[in-house]
Each structure stands twice: as structure tokens, then as C-alpha cells.
Amino acid sequence: MTLERARELIALQISLGTGYNRNAVTLILAEVGRNHGQQAVDNLIAEMNLEQIFGITQGRQYH
């Protein structure tokens, strides 16, 4: 998965905004981590404000 596609999918999950969408975002982050590494995951979390929206924190590995 490209980082651009990950951004698109995360944006969709944010727009839907339920607890189930948090789970979907963690799956997306896991895929990003496998393909691009932890730094890319942390960058997405910060860029898309996922800590405030879903309580997803930087530094945690999602796999």
C-alpha cells in the first residue's frame, strides 16, 4: 500500500468516525508499518491527528 492510499483510507475512516473505524485505522497502520516502517506510521499518526481522534499514539507498533 502506498502512503497516499493509506492517507485516503484513513481519511475515509475519520469521516465515518465510530469505534470500529479506529480498528480499521490500526489495520491500515499495520500495513504501512510492514511496508514503510515505524517512522512512516508515526508520521501518519501526527499528520492526520490520530491521537486526538482515535487515541492512537506514536511509537506503538500496530501489527
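Fair warning: this is a prediction, and the values are worked out from it, not measured in the lab. One is the number of the first residue; the rest follow in order along the sequence.
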Donor on one side chain, acceptor on other, D42 and Q39, under 3.5 Å: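 Side-chain D/A pair, D42 to Q39: absent.
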
Heavy-atom side-chain contact between [X] and [Y] under 4.5 Å:
X	Y	value
M48	I10	yes
I45	T57	no
R60	V41	no
Q58	L50	no
R7	L3	yes

Separation between CG of L29 and CD of Q61, rounded to the nearest 0.5 Å: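 Separation between the atoms: 12.0 Å.
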
From CG (L9) to CD1 (I14), nearest 0.5 Å: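 Result: 11.0 Å between the selected atoms.
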
Closest contact, heavy atoms only, G55 versus R22: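 In terms of heavy atoms, the two residues are closest at O-NH2, 3.7 Å.
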
Check against side-chain contact (heavy atoms from CB on, under 4.5 Å), F54 and N21: CA-CA 9 Å; F54 291 120; N21 300 104; 4.2 Å; yes

Donor-acceptor contact below 3.5 Å, side chain H36 vs main chain M1: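 Between the backbone of M1 and the side chain of H36 there is a qualifying donor-acceptor contact (under 3.5 Å).
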
Partners passing salt bridge (Lys or Arg N to Asp or Glu O under 4.0 Å) against R5 (at least two apart in sequence or in another chain):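 E8.
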
